[in-house]
Amino acid sequence: MEYNFKEIESNWQKYWAANKTFAAKDGGDKPKYYVLDMFPYPSGAGLHVGHPLGYIASDIVARYKRHKGFNVLHPMGYDSFGLPAEQYAIQTGQHPKITTEQNIARYREQLDKIGFSFDWDREVRTSNPEYYKWTQWIFIQIFNSWYNKSTNKAEPIETLIKVFETKGFNCKLDDTLTGDIEKDLEPFTGEEWKAFDEKKKSDILMNFRLAYLGESFVNWCPQLGTVLANDEIKDGVSERGGYPVERKLMKQWSMRITAYAQRLLDGLDTLDWTESLKEAQRNWIGKSEGTSLKFKVQGSENSIEVFTTRPDTVFGVSFVTLAPEHELVESLTTTENKAAVEAYVTQAKNRSERERQADINKITGVFTGSYVEHPFTGKQVPIWIGDYVLAGYGTGAVMAVPAHDSRDYSFAKHFGLPILEVVAGSTNGTLSEVEGSYDAKEGKLINSDFLNGLEVKDAMKKAIAEIEAKGLGKGKVNFRLRDAVFGRQRYWGEPIPVYYKNDIPYALNENELPLVLPEVDKYLPTEDGEPPLARAAASWKHEGKYDYEHSTMPGWAGSSWYFLRYMDATNGSEFASKKLSDYWQQVDLYIGGSEHATGHLLYVRFWTKFLKDLGYIAIDEPAKKLINQGMIGGTSELMKQFIINREEIEKYNSISKEIIIKKEGKEIKRLDIGNGSEHCHVYLSIDSGLDIEFFDKENKSPIKTELFQENRAKVKYVMNSVLNIDEWIADEPYYAGSILITDEGYWTKHEYFDFTENKIQNISFKTKPVVEKMSKRWNNVVNPDDICEKFGADTLRLYEMFLGPLEQSKPWNTNGITGVQGFLKKLWRLFYMSPSGGGAQRAGEDSSNALNVTNDEPTKGELKTLHKTIKKITEDIERFSFNTSISNFMICVNELTDAKCNKRAILEPLLVCLSPYAPHIAEELWKQLGHTESISTAAFPDFNEAYLVDDNVNYPVSFNGKVKFTLELAATLTTQEVEAIVRANEQTAKYLDGKEPKKVIVVHKKIVNMVV
RNA sequence: GCCCCGGUGGUGGAAUUGGUAGACACGCAGGACUUAAAAUCCUGUGUCUUCGCGGACGUACGGGUUCAAGUCCCGUCUGGGGUACCA
């Protein structure tokens, strides 16, 4: 019987669905294991072959863990709110819900064909009101919470109100609250608080809420009509669509993720994530320790506070720089500098992110005309304004130490400001006119009064102590991490569950949820720039009269807690019951792309910590172990094409032409191509040495011919860089008029010829593979469906794993896939050996039609093969090395084929080992062996060391580290005995050449090395 | 610039703790079967050298540690990813 993967695969996919084979049980005796794939956004393009890479890996682990006796949760769902569906809705007027549903249906169809063991009963969609009800609910919890620095966790806002009522507020909380807007708060007493009106109370509390409405600079994208988070911008343009982004001051909903900065940083140490990913998060959080320091403005009551990480260099300050947006800019500017400063500030503020990035090396700035006093020397220090100082970081002002900071250095050089050296580094005290600054935190302090002679580290401590003692500032930690902008001026997202009464935002009550996304007539902003939700019917108001919030939540809202929803996907009264979240705990294995490093993976950690603080869940981190699967690139197949010179092509439109094929300058063939004005596609195999020339038949003159190499054949029709011409033409009749030429002959009008006009069977037309991004544009997109159709899902699964290590990026090509399919066929034949011949199929011999598996006792060799395989596969899965396990299966089947082994005692356990990788064929053969239950219920075979023990060891014998020959010796021999035997060996004598070895090293059961 | 990860045959890659470098697979060459093709099977395949036995070289490059280095250390080159006036 033939291995008929199509029938087998569709049968088993139906069986699994009908029997809910992979439904997870919520409890029981088995230990739990939670394997999760990163939430896919169902895009209109469907899945290409790169997407399922991680899903296959996680599916293997899920199936393996089931065999190992775990209760496995392996769910899948859709992050189904998002920009592309909305952009499509704007263009076509079709509701994004419809597009989204179609895309999901397509995704599902593709996923099903690959045979994943997802528990589809738990599917979630973020755009489903049953789901986003709880996203809104969590938002309300965050809104109703503040971060208590003394308990170091989030608490209900009521506890803060209690504090205000009893003690009031003395402004001392401000350095513990890291949001951008609480700075301006005035102190108040408990009595005063009680007397405040509701608006005032609301405004004050807004400074503490973890979800808050605040005015801040945002990344505004006019083309998309919305704000974007930092991680949604790449190179100064929007990640989706590539539109320019500008800075804009806006009132916005934000999340106070900065309150969690330290915990997000500390938590990384407890996670088994890749170092590079953790490093990316650390950089993004960007902790820096330093000190604040006040500089008194001369002739004014004001002082400028700066943040510095180098208090040791305070004696090297030669000027102070303010960000253009700094609040003191106006008051510090002297009359004579006013015009220049105003012009500069206006220009700097209007520069978009993109422009700032583009001329990063362009140094700009302006002098205010004012001075501060140096806090220690009392000398006057000029105040400058420069856009290299960011308003949003630290205090928006820096003390410039050009000798020891490269940015200050360039600024000083550009404007001719003094450079004062205070750390003797590599230049040893003679820097002044040397190129560049000395930024290293090493060396002894000079020219620095009480710091002189100290090492940088000690000088820092002493400087901070002195600054604090003088009341000029204090030690401080700063984070680069910004609060996350939460509002989006878009339609296709979760409505923010807030309404406004007398200009005060109120959260909805839980029983009012979900706040369902209203219908609108258009998905565009209104004429006066309000978000699309402002188009909702006039009746869409809270209690019929109060406006709802018009912005919606960002894409990351729904994905920040979805892993919890899978635990209890249909719960109507809670986001997930405590009982079930306690049972399922953390995700044990999370697989997804590294592009989520500073977005999703930071937000999901933030929300997890928040929910834990309020006692809703027991875990502090969402995923214990995380693997980033590598990107799959595309392989394009370039065709070598000859065309008429582009400038002259018009001229030859109606002239009858032919092409001349030349070999080593000599003409070997002429082919008539008629007088059509359409392009004649003339292609030459990439490995050919022939030359092609167009020829004008009417004027009997050659036509200027060019080589063109931009055309890409659809990769679907190319295997090992050989184009399947017949398939290609059948699918793309546009190319039917082409001429394809190789050294063996040519193809034209659906027939093959050699150069003497004889019809031939085929030619091997070669294309040139180049690695590019997988994209429709390059004709190199490969769909998993096509591969499943042609080779089967099991082959696809194995091949994706066989390509290389999961975490490594690699281009897709289908070259090796036949080897993987060959392996499955070979496995199949072990079960269907012809009773007469057995093993290797002789040429022309049919495989047996009946299953032919015996109950004979396996030999020692067969057992060794099996147990070696069990051992390796187990080790490989445990360390997520899937490519090597495929190799090991191949070795196993090769050995069993050589041994002509068709014994049940060997083949049965082998099937269980293989079933996580190639589940369909394993199920089918398992059933044929007489089992009535799914193979997924079988226990993973135990590996028995006893079968692997060899009687003999093949010792490589080396001389000075170079292996010369091997000796098979009994494993029981001691190292001394081995040495004696090797010394006595006649081959040894040859290499020793009569000399006595200086030293002999024998590593037991490993190697012998003689030093001569 | 800074941070992270890589560099092994014609190709994808293997070598888990320093112990026979190139497993497994593709491709290629030759052969078997076939009217032919497909499918399948067998043999060979790192480079150089030799008729052959064999020998020499070989994991980006240059050094080092070691009886022994793809693996550890130092320096250089190079590819990919992240990030960037964050004081």
Side-chain angles (χ1 to χ4, degrees), chain A residues 2 274-280 282-284 286-288 290 306-310 321 356-357 360-361 363 386-390 392-395 397-401 405-408 410-411 478-482 594-595 597-598 628 630-631 719-722 761-762 769 799 802-805 807-811 813-820 822-823 825-826 829 839-847 872 875-876 878-879 881 883-884 886-891 894 897 954-966 997-1001 1003 1005-1012:
Chain A
E2 279 288 302
T274 58
E275 206 42 51
S276 62
L277 197 141
K278 292 203 266 190
E279 206 50 39
R282 284 190 194 108
N283 291 338
W284 193 259
K287 181 179 180 174
S288 59
V306 302
F307 172 73
T308 179
T309 55
R310 293 295 302 274
T321 317
R356 283 177 78 125
Q357 289 200 353
I360 203 156
N361 296 318
I363 294 151
D387 72 353
Y388 80 98
V389 179
L390 302 177
Y393 185 78
T395 59
V398 302
M399 58 175 227
V401 185
D405 182 286
S406 54
R407 295 153 307 185
D408 297 339
S410 339
F411 197 84
N478 247 315
F479 293 96
R480 206 176 71 118
L481 185 69
R482 293 282 85 104
S594 55
E595 67 273 21
T598 53
N628 291 129
M631 297 267 289
M719 176 80 100
N720 282 314
S721 298
V722 177
Q761 287 295 330
N762 209 341
Y799 187 59
F802 189 64
L803 272 178
E807 294 174 80
Q808 203 167 298
S809 289
K810 55 234 158 190
N813 65 62
T814 319
N815 292 353
I817 202 165
T818 52
V820 169
F823 155 74
K825 289 178 181 170
K826 209 163 168 180
R829 278 199 305 274
Q841 286 294 298
R842 291 292 129 209
E845 186 178 357
D846 282 334
S847 52
K872 293 217 157 152
E875 286 169 356
D876 286 344
E878 300 282 352
R879 66 189 173 104
S881 173
N883 56 327
T884 51
I886 312 290
S887 301
N888 283 317
F889 280 124
M890 289 174 170
I891 293 167
N894 288 347
T897 302
N954 200 16
Y955 279 98
V957 181
S958 53
F959 295 83
N960 292 335
K962 302 201 167 167
V963 177
K964 294 297 177 188
F965 60 93
T966 59
K998 268 192 217 150
K999 200 172 171 189
V1000 180
I1001 290 118
V1003 182
K1005 292 190 181 179
K1006 278 264 162 71
I1007 198 167
V1008 180
N1009 190 19
M1010 296 206 162
V1011 187
V1012 280

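To find a chain, count down the sequence lines: A is the first, B the second, and so on, and within it residues start at 1.
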TODO: Kindly point out which of B:U40, B:G13, B:A21 is positioned nearest to the side chain of A:Arg829?
DONE: B:U40

- [ ] Could you check whether A:Glu279 gets within reach of a base, just the sugar-phosphate, or nothing at all, counting any heavy atom under 4.0 Å?
- [x] sugar-phosphate

Task: Qualifying residues under side chain to side chain donor-acceptor pair (under 3.5 Å), relative to A:Asn628, sequence neighbours excluded - done: none

Open item on the list: Less than 4.5 Å apart, side chain to side chain, heavy atoms only: is that true for A:Tyr955 and A:Ile1007?
Closed with: no

Task: Under 4.0 Å protein heavy-atom contact, by nucleotide of nucleotides 23-28 of chain B - B base, S sugar-phosphate only - done: BBSSS-

- [ ] Name all residues meeting the side-chain contact (heavy atoms from CB on, under 4.5 Å) criterion together with A:Gln761; count only those two or more places apart in sequence or in a different chain, and write none if there are none.
- [x] none

Open item on the list: For A:Glu807, give me all partners under side chain to side chain donor-acceptor pair (under 3.5 Å), at least two apart in sequence or on another chain.
Closed with: none

Open item on the list: Just to be sure I understand the rule, does A:Gln808 reach a base, reach only the sugar-phosphate, or reach nothing, if contact means heavy atoms closer than 4.0 Å?
Closed with: sugar-phosphate

Open item on the list: Checking contacts here: which listed nucleotide (B:A87, B:A15, B:G19) is nearest the side-chain heavy atoms of A:Lys1006?
Closed with: B:G19

Open item on the list: According to side-chain contact (heavy atoms from CB on, under 4.5 Å), who are the partners of A:Glu595, at least two apart in sequence or on a separate chain?
Closed with: none

Task: A:Ser881: partners by side-chain contact (heavy atoms from CB on, under 4.5 Å), with sequence neighbours left out - done: A:Asp876, A:Arg879, A:Asn883, A:Thr884

For nucleotides 66-69 of chain B, tabulate all protein N/O to nucleotide N/O atom pairs closer than 3.5 Å, reporting atom names and distance.
| unit_1 | atom_1 | unit_2 | atom_2 | d |
| --- | --- | --- | --- | --- |
| B:C67 | O2' | A:Asn1009 | ND2 | 3.0 |
| B:C67 | O2 | A:Asn1009 | ND2 | 2.8 |

Task: 4.5 Å side-chain heavy-atom contact, A:Tyr388 and A:Ile363 - done: no

- [ ] Treat primed atoms plus P, OP1 and OP2 as sugar-phosphate and everything else as base, then score nucleotides 55-64 of chain B 5' to 3': B for base contact with protein heavy atoms under 4.0 Å, S for sugar-phosphate contact only, - for none.
- [x] SSS-------

- [ ] Enumerate, in order of first residue number, the stems that involve RNA chain B, defined as 3 or more consecutive Watson-Crick or G-U wobble pairs with both distances under 3.5 Å.
- [x] B:1-7 with B:77-83, B:10-12 with B:24-26, B:27-32 with B:40-45, B:46-49 with B:54-57, B:60-64 with B:72-76

- [ ] Just compare B:A87, B:C85, B:A84 and give me whichever is closest to any side-chain atom of A:Trp284.
- [x] B:A84

Open item on the list: Within this structure, what is the CZ-OG distance for the pair A:Phe307 and A:Ser288, rounded to the nearest 0.5 Å?
Closed with: 4.0 Å

- [ ] State which residues pass salt bridge (charged side-chain N to carboxylate O under 4.0 Å, His left out) with A:Glu275; sequence neighbours excluded, sorted by chain then number.
- [x] A:Arg282

Open item on the list: My understanding is that only residues two or more places apart in sequence, or in another chain, count here; which of them pass ring-ring contact (aromatic ring centres under 6.0 Å, His included) with A:Phe823?
Closed with: none

Open item on the list: Anti or syn, where syn is a glycosidic angle within 90° of 0; which label fits B:G9?
Closed with: syn

Open item on the list: Under 4.0 Å, heavy atoms only, any strand: does A:Pro811 hit a base, just the sugar-phosphate, or nothing?
Closed with: nothing

Protein and nucleotides 70-72 of chain B: nitrogen or oxygen contacts under 3.5 angstrom:
none

